[in-house]
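To start, the structure under review is shown below, and the notes come after it.
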Amino acid sequence: MAIKNGVGITSLLNGSMVKKALSAANETVAKGVYDATTLSGVDADLVVGNIKGGVTIFGKLGTLSITPAEDTSGSTVSAIQTSATGGWKKSQAVGAGADIDPIATKTLTFDANSLAFAAGFIYGNATEANTFKARLYMDGVLEAESGFLPLTGVSTWVIGFKALSGAGKICKITVHNYGGASDIRMYGGGATGLPIAGGIAVGSVKA
Amino acid sequence: MRVTVPVTGEMIGREWDGSPSGNPDDPIRPIDIVRLLVDSGYPIECADFSLTLAGINADTGLAELEIAHQKKLIPTAWNAEGEAVASRDETDADFEKRKGDSEEALLDVLGRPVDEIYQKTGEPRLKKPKEKK
């Protein structure tokens with residue numbers, strides 16, 4: 001029973017208090033009166049399986065453990081082949097501002113929350129200084145570019161990381177010519193008609 | 001060194017982490033830094049560096065790049081066909097001088113207003129899809 005002005009009353013006055021309710025839609029707890037309840041009764045997502053392991057929220061000790069696992073992977077060697085005139089190399093003319101696209105490419109399907117890694121390489125050299133650079137594209141984004149290829153044959157690598165998900169995701173290594181029309185030399189395995197030493201490897205992990 | 005550069009190309013969507021996906025026929029890429037340096041009067045040697053995409057903000061059209069310089073290989077012998085068959089590393093002194101000049105050039109050209117950079121390279125701003133709100 002409530003007391004008002006020394007007189008006992010058995011009911012609340014109209015308009016003095018309005019019963020409120022918690023909502024799972026937001027964290028606001030407005031001033032007011034609430035029916036007894038549990039927070040997990042208000043928001044069914046408040047369970048130990050949704051809370052990170054070792055973390056306690058409102059008395060619930062979390063058990064959620066996220067262990068990365070291998071998703072998909074794949075690799076491709078270049079489709080460019082050594083030529084008869086060059087023996088164990090491929091000498092290719094590239095126009096000013098043009099590309100060899102691709103040196104190698106790999107298309108894969110990734111899990112919904114996958115983090116992919118790609119590494120592309122080419123063994124070769126420019127015939128003029130400050131012309132060619134190797135590029136790595138992942139899903140239509142330039143992730144990495146090398147310095148200018150030297151005049152002496154070396155392995156040039158480009159590597160990158162990107163979140164990828166779904167089908168048809170393309171990872172590729174290309175070569176871009178920043179100079180005037182010029183030749184690039186790419187080397188292979190000691191005979192004609194073999195792939196040049198170029199390729200791409202892609203791996204990924206998922207949560 | 002890290003630099004912030006405008007990007008060009010076409011964005012066609014976003015990945016699960018919010019990063020953009022690009023059109024393979026018009027990929028998302030930094031503006032042509034090599035051309036920007038050369039057209040700004042710097043020698044092309046200043047453009048001899050590798051870059052790695054450290055992050056990209058599709059909303060602002062800006063990317064963060066990790067720039068790295070490597071020692072050059074200087075040819076020292078050639079075969080009958082004029083191909084370099086032996087080389088030596090660039091000296092430490094030459095490398096540090098070249099690296100310093102390149103970094104100074106990059107800070108100059110990339111420190112200009114974004115509008116001026118796009119105008120100088122002639123490349124369009126990043127094309128983006130209409131996203132649902």
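The sequence lines fix the lettering, A, B, ..., with proteins before strands; numbering per chain opens at 1.
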Comparing Leu136(A), Leu164(A), Leu151(A) against chain B, the one with the most heavy-atom pairs below 4.5 Å turns out to be Leu164(A)

Among Val85(B), Leu73(B), Val34(B), the residue with the most heavy-atom pairs under 4.5 Å to chain A is Val34(B)

Side-chain donor/acceptor pairs under 3.5 Å, residues 42-50 of chain A, sequence neighbours excluded:
residue	atom	partner	partner atom	Å
Asp43(A)	OD1	Asp45(A)	N	3.0
Asn50(A)	ND2	Asp45(A)	O	3.0

Which of Gly160(A), Ala134(A), Ala144(A) touches chain B most, by non-hydrogen pairs under 4.5 Å:
Ala144(A)

Measure the shortest side-chain to side-chain distance between Leu53(B) and Val141(A) over non-hydrogen atoms and say whether it is less than 4.5 angstrom.
yes

Looking at Gly9(B), Pro30(B), Ala47(B), Ala54(B), which one has more heavy-atom pairs under 4.5 Å with chain A than the rest?
Ala47(B)

Residue Ala86(B) versus chain A: region with a heavy atom under 4.5 Å:
backbone

Using non-hydrogen atoms and a 4.5 Å limit, figure out which bit of Val158(A) sits close to chain B: side chain, backbone, both or neither.
neither

Chain A/chain B interface donor-acceptor pairs under 3.5 Å:
residue	atom	partner	partner atom	Å
Lys89(A)	NZ	Glu83(B)	OE1	3.4
Lys89(A)	NZ	Glu83(B)	OE2	2.7
Ser114(A)	O	Trp16(B)	NE1	2.9
Asn130(A)	ND2	Glu45(B)	OE2	3.3
Lys133(A)	NZ	Ala47(B)	O	2.7
Lys133(A)	NZ	Phe49(B)	O	3.1
Asp139(A)	O	Gly22(B)	N	3.0
Asp139(A)	OD2	Ser21(B)	OG	2.7
Gly140(A)	O	Ile28(B)	N	2.9
Leu142(A)	N	Ile28(B)	O	2.9
Glu143(A)	O	Leu53(B)	N	2.9
Glu145(A)	N	Leu51(B)	O	2.9
Glu145(A)	O	Leu51(B)	N	2.8
Phe148(A)	N	Asp48(B)	OD1	3.0
Lys162(A)	NZ	Ser19(B)	OG	3.4
Lys162(A)	NZ	Pro20(B)	O	3.0
Ser165(A)	N	Glu15(B)	OE1	3.1
Ser165(A)	N	Glu15(B)	OE2	3.0
Ser165(A)	OG	Glu15(B)	OE1	2.6
Lys169(A)	NZ	Glu15(B)	OE2	3.3
Arg185(A)	NE	Glu83(B)	OE2	3.1
Arg185(A)	NH1	Glu83(B)	OE2	3.4

